[in-house]
Trainee: 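I have a structure here, written as structure tokens, and I will follow up with some questions on it.
Atom set for the values below is all heavy atoms of this structure, side chains included, hydrogens, waters and symmetry mates excluded.
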2 protein chains.
Amino acid sequence: MQIPPKPTDAELEILRVIWQHGSSTVRQINDILNEKKTVGYTTTLKLLQIMTQKEIVRADKSDRSHVYTSLLKEEETQLHLMDQLLQAAFGGSAKKLVMQALGNGKTSQSELDEIKLLIKQLERGAE
Amino acid sequence: MQIPPKPTDAELEILRVIWQHGSSTVRQINDILNEKKTVGYTTTLKLLQIMTQKEIVRADKSDRSHVYTSLLKEEETQLHLMDQLLQAAFGGSAKKLVMQALGNGKTSQSELDEIKLLIKQLERGAE
DNA sequence: AAAAATATACGAAACTTTTCGTAATAAAAG
DNA sequence: CTTTTATTACGAAAAGTTTCGTATATTTTT
């Protein structure tokens, strides 16, 4: 599959656990998911099996407890999802999206500084 | 329903038509949708009926061709969807999302200027 | 070695979303 | 007035997503 398939909400939750904690077993993933909400063990297992079939994750079966690794890179997936929202809800206007994202005033000064730096670099690089 | 329900992809496409063209009939909405892809008339009708039930749109039935009006405001919906993506994919870091959105370098100078202005205002307003 | 705990496989139910066919009705054209 | 066209109502199929129960197998504990 050339273009990475858009993960569903439940799949994304699992991906985030793997991105944050590295390759993990079903038990590890399910435990972390259960810190936030109740999810049955076999539910998580089934999701991972489906994700394996979709080639979103890969299962290392050398041990009895299979170890799952993400086949999607975090930043690529974020970019993909962001771009899809950009088109679907903002008609492709990154400006609108950015201003909505910053508008609530919850972004710290140091983060704003990083964004300003990026903008400077973009302005420098633009011909 | 206190919090506006998150519209589905197909619902969002319809909302965008209404936001852009104002209150419209099924025929008008379906024609515009069909500029981009083939969609059956009754499919669009059914969606609008479901959206009416969900209180996403309101149907004015005084004429035979019902006229549908959005009950969701464009900016509120964008904010809602953006926030949901922010949490689900970026762990709440607006900085990461913004940098991904601007990173491709497709944002024009004048738009960057507007963003810079917003950041200045945020910095001024921050205590 | 028996019992208990842990793991995977897998079917299927419950739910949501999307799509469309058919029927009924109303309006317009002939 | 009759035929054609346009519209809504509605059921339901098709597809996708999420959840979990049960069966089976393996490992660990007693």
Trainee: Mind checking side chain to side chain donor-acceptor pair (under 3.5 Å) for A:Glu75 and listing every partner two or more places apart, or none if nothing turns up?
Mentor: none
Trainee: Which pairs count as side chain to side chain donor-acceptor pair (under 3.5 Å) when at least one residue sits in residues 86-102 of chain A, sequence neighbours excluded?
Mentor: A:Lys95-B:Glu114, A:Gln100-B:Gln78
Trainee: According to side chain to side chain donor-acceptor pair (under 3.5 Å), who are the partners of B:Asp31, at least two apart in sequence or on a separate chain?
Mentor: none
Trainee: For B:Asp113, enumerate each residue passing the side chain to side chain donor-acceptor pair (under 3.5 Å) test, keeping only those at least two apart in sequence or located in another chain.
Mentor: B:Gln109
Trainee: How would you list, by chain and number, every residue that makes a side-chain contact (heavy atoms from CB on, under 4.5 Å) with A:Ser70, sequence neighbours excluded?
Mentor: A:Leu15, A:Ile18, A:Trp19, A:Leu72
Trainee: Taking only nitrogen or oxygen atoms into account, show me every contact under 3.5 Å that the protein makes with nucleotides 5-8 of chain D, one pair per line with its distance.
Mentor:
unit_1: D:dA6; atom_1: N3; unit_2: B:Arg64; atom_2: NH2; d: 3.4
unit_1: D:dT7; atom_1: OP2; unit_2: B:Arg27; atom_2: NE; d: 2.8
unit_1: D:dT7; atom_1: OP2; unit_2: B:Arg27; atom_2: NH2; d: 2.8
unit_1: D:dT7; atom_1: O4'; unit_2: B:Arg64; atom_2: NH1; d: 3.2
unit_1: D:dT8; atom_1: OP1; unit_2: B:His66; atom_2: N; d: 2.7
unit_1: D:dT8; atom_1: OP2; unit_2: B:Tyr41; atom_2: OH; d: 2.7

Trainee: Going only through I, L, V, M, F, W and Y residues with side-chain contacts under 4.5 Å, is there a path from B:Ile14 to A:Phe90?
Mentor: yes
Trainee: Write down the distance between CG (B:Leu47) and C1' (D:dA9), rounded to a whole number of angstrom.
Mentor: 15 Å
Trainee: Return the set of residues passing side chain to side chain donor-acceptor pair (under 3.5 Å) with B:Asp9 (not counting sequence neighbours), or none when no residue passes.
Mentor: none
Trainee: Going by the rule side-chain contact (heavy atoms from CB on, under 4.5 Å), which residues pair with B:Leu45 if we only count those two or more places apart in sequence or in a different chain?
Mentor: B:Val26, B:Gln49, B:Tyr68
Trainee: Whole angstrom is fine here: how far is it from NZ in B:Lys46 over to P in D:dA14?
Mentor: 16 Å
Trainee: Could you work out, with side-chain contact (heavy atoms from CB on, under 4.5 Å) as the rule, every residue matching A:Arg58, not counting sequence neighbours?
Mentor: A:Thr69, A:Leu71
Trainee: Tell me, which of residues 8-15 of chain A have any heavy atom that sits under 4.0 Å from an atom in DNA chain D?
Mentor: A:Thr8, A:Asp9, A:Ala10
Trainee: Suppose the criterion is side chain to side chain donor-acceptor pair (under 3.5 Å): which pairs have a residue in residues 36-46 of chain B, not counting sequence neighbours?
Mentor: B:Glu13-B:Lys37, B:Asn30-B:Thr44
Trainee: Using the heavy-atom set of chain A and a strict 4.0 Å cut-off, write down the first and last nucleotide of DNA chain C that makes it in, 5' to 3'.
Mentor: C:dT6 to C:dA12
